[in-house]
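I have placed the structure first, in the form of structure tokens, so that the comments after it can refer back to it.
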Amino acid sequence: MFALADCNNFFVSCERVFRPDLEGKPVIVLSNNDGCAVARSNEAKALGIKMGEPYFKIRPIVEQHGVKVFSSNYALYGDMSRRVHAVLRDFAPAVEQYSIDESFLDLRGMMIADLDAYAKEISASCRHLTGIPVSVGIAPTKTLAKIASKLCKKFPRLRGGCYMHRPQDIEKVLCTYPVEDVWGIGRRSAKKLSAMGITTAWQFAQLKEYEVCKSFALPGWRTWKELHGEPSVDFEDQMEPRQSLCVSRSFAHELTDVRDLCAQVATFAESAVRKLRKQGSLVLEMAVFAMTNRFHENDPQAFSSELVVFPDGTDDHATLVAAASEAVRALFDKRFSYKKAGVIFTRMAQRDGFQRALFRDAEADDRQERLSRALDSLASEYGPGTVLFGVQGDGRVWMAQENRSPQYTTRWSDIPTASVK
DNA sequence: TCTGGGGTCCTAGGACCC
DNA sequence: TCTGGGGTCCTAGGACCC
């Protein structure tokens, strides 16, 4: 059996832990730059606010019903996520953190007499120890566990825990479960299925195995088997190092000065290097991109990018910050106004065991490494942006964040921001 | 010009996830 | 006026190898 623990309306719940007065009231959390709604309390959902809806479109509802609005506070959400995960680790020998608000628990080999009670106990512990409400579904496969956890949200009398295993129960649930809500069935497949007259998970499960293979290939076949109770998605409890890494942001205002764009992108690169070094990797290839505002259809549009290669690999702050700002100078075109930019490390390798060039200047490398280590420790001790490269300007990223809550549980966030109205 | 039977690696694009 | 920011896996086709 597998369990899925899913935090309810996670970002909203994080805000409510420190604002208990907002319990029972409509609350939403916005994406970066206060762009669109990415988390909604049940009360906000009931008002018809949709996931991903732009803020300016829902503003009338917000004002009419006094919806409490928060800018996103990822430092807070990341920290609360760690706390929930720490609680979950006490309930199973192996836990896979699947996303910021979801974890799978591997219950195979555990002797638990009453799994339904166990699910409810996990949920109650998370609530008690972190303040976050969590829905826990237990089922024979990960895909079914996700469905079971959804039932907890729909039926409060389940008290946050649901064990779904008897075939007749699974059939009953799948018969009313929309196929597009099944984990692994995305928009495209749902559309294809709908054209075939298939709208429920149960109808999908009734397809012939060869038909599923033919029309939906390997991923579809796995989902089909999972719905039949046959585990087909691996349990991945040990974190592999990332294969790619991206730091990008939209800006509060469009940028037209190359120095401004350089400063922002240099700060993205600096943040990316800290992430890279934390996982012990080197970059072999970096893409730097900048783009115009795609919603301003009448303005001239551009998506420019520059690829920089490091055949010998690097994890050096100065090298990458300099390369990123040079790339910006190369791609910048004064005819355009840039709304969004970022750096992507598109090829990476583990530092340990990486074969470096034979004739490199080892002494210079060593000096650079000591500088990078000093920058790492300054950032972790005093916060990112304490010490900057000149090209970074004041080291702040220009974002609109009118309603960010305090950093209740951490000292700082990953990228310092300059709030712009 | 035609001719066999294997392989690997890389890339772009699609589909999916949160 | 105002529209987020990350990731992974799979597949097909091309280029190349013997």
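Proteins come first, then strands; the chains are lettered A, B, ... in the order of their sequence lines, and each starts at number 1.
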- Task: Name the nucleic acid region contacted by A:D34, choosing base, sugar-phosphate or nothing; use a 4.0 angstrom heavy-atom cut-off, strictly under.
- Result: nothing

- Item | Selection from C:dG6, C:dG4, C:dC10 that lies nearest to any side-chain heavy atom of A:K275 | C:dG6

- Query: Is a donor on one side and an acceptor on the other found under 3.5 Å between the side chain of A:N73 and the backbone of A:S405?
  - Reply: yes

- Using a 4.0 Å heavy-atom cut-off across all strands, classify A:K191 as base, sugar-phosphate, or nothing. nothing

- Specify the separation, in whole Å, of atom CG of A:L276 and atom C1' of C:dG6. 16 Å

- Look at all strands and tell whether A:R59 reaches a base, only sugar-phosphate, or nothing, counting heavy atoms closer than 4.0 Å. nothing

- Message: Check this one for me: any side-chain N or O of A:K146 less than 4.0 Å away from OP1 or OP2 of B:dC18?
- Response: yes

- Using atom CG of A:N8 as one end and atom P of B:dC18 as the other, report the distance to the nearest whole Å. 15 Å

- Note on the structure: A:D234 atom CG is separated from B:dC16 atom P, nearest whole Å, by 20 Å

- Item | Side-chain N or O of A:R187 closer than 4.0 Å to phosphate OP1/OP2 of B:dC17 | no

- Task: Take atom P in B:dT3 and the same atom in C:dC18, then report the distance between them in whole Å.
- Result: 22 Å

- Task: Give the nucleotide from the list C:dG6, B:dC18, C:dG4 with an atom nearest to the side chain of A:S248.
- Result: C:dG6

- Task: Provide, to the nearest angstrom, the distance between the CG atom belonging to A:N32 and the P atom belonging to C:dG6.
- Result: 8 Å

- Message: For A:F11 and A:Y77, take the angle between the two ring planes, folded into 0 to 90°, and tell me which bin it lands in: parallel under 30, tilted 30 to 60, perpendicular over 60.
- Response: parallel

- Query: Taking only side-chain nitrogens and oxygens of A:K340, does any of them come within less than 4.0 Å of OP1 or OP2 of C:dG5?
  - Reply: yes

- Decide whether A:S281 and A:Q279 meet the rule of one side-chain donor and one side-chain acceptor closer than 3.5 Å. yes

- Whether A:Y338 and A:F332 hold their rings parallel, tilted or perpendicular, with breakpoints at 30° and 60°: tilted

- Would you kindly compare A:K339 and A:S244 by the position of their nearest DNA chain C nucleotide and give the one closer to the 5′ end? A:K339

- Whole angstrom is fine here: how far is it from CG in A:N73 over to C1' in C:dG4? 15 Å

- Closer than 4.0 Å, any side-chain N/O of A:S189 to the OP1 or OP2 of B:dC16? yes

- Query: Just how far, in rounded Å, is C1' of C:dG4 from CD of A:E53?
  - Reply: 15 Å

- Query: Looking only at side-chain N and O atoms, does A:K192 come under 4.0 Å of OP1 or OP2 in B:dA15?
  - Reply: no

- Query: Just checking A:V182: base, sugar-phosphate only, or nothing, at a heavy-atom cut-off of under 4.0 Å?
  - Reply: sugar-phosphate

- Query: Can you tell me if the side-chain N/O atoms of A:Q97 get under 4.0 Å from OP1 or OP2 in B:dC18?
  - Reply: no

- Quick one: on DNA chain C, does A:C246 or A:G35 contact a more 5' nucleotide (nearest heavy atom)? A:G35

- Message: Measuring to OP1 and OP2 of C:dT1, would you say a side-chain N or O of A:H253 lies under 4.0 angstrom away?
- Response: no

- Under 4.0 Å between a side-chain N or O of A:R222 and OP1 or OP2 of C:dC9? no

- Query: How close or far is atom P of B:dA15 from atom CG of A:L193, stated in whole angstroms?
  - Reply: 13 Å

- Message: Cation-pi check for A:F70 against A:K68: NZ or CZ below 6.0 Å from the six-membered ring centre and within 45 degrees of the axis, yes or no?
- Response: yes

- Query: Any side-chain N or O of A:S250 under 4.0 Å from OP1/OP2 of C:dG5?
  - Reply: yes

- Any chance the side chains of A:Q203 and A:T199 put a donor and an acceptor closer than 3.5 Å? yes

- Task: Have a look at A:I100 and say if it touches a base, only the backbone sugar-phosphate, or nothing, with a 4.0 Å heavy-atom cut-off.
- Result: nothing

- Walk me through it: do A:D34 and A:N403 pass the test side chain to side chain donor-acceptor pair (under 3.5 Å)? CA-CA 9 Å; A:D34 294 348; A:N403 302 291; 4.7 Å; no

- Query: In whole angstroms, how far is the C1' atom of B:dC10 from the CG atom of A:L284?
  - Reply: 15 Å

- Query: Is the closest side-chain donor-acceptor distance between A:E254 and A:S337 under 3.5 Å?
  - Reply: no

- Query: Once Watson-Crick and G-U wobble pairs under 3.5 Å are found, how is DNA chain B written in dot-bracket notation, 5' to 3', with | for any base paired to another strand?
  - Reply: ....||||||||||||||

- Could you verify whether a donor N or O on one side chain and an acceptor N or O on the other, from A:S372 and A:D316, lie under 3.5 Å apart? yes

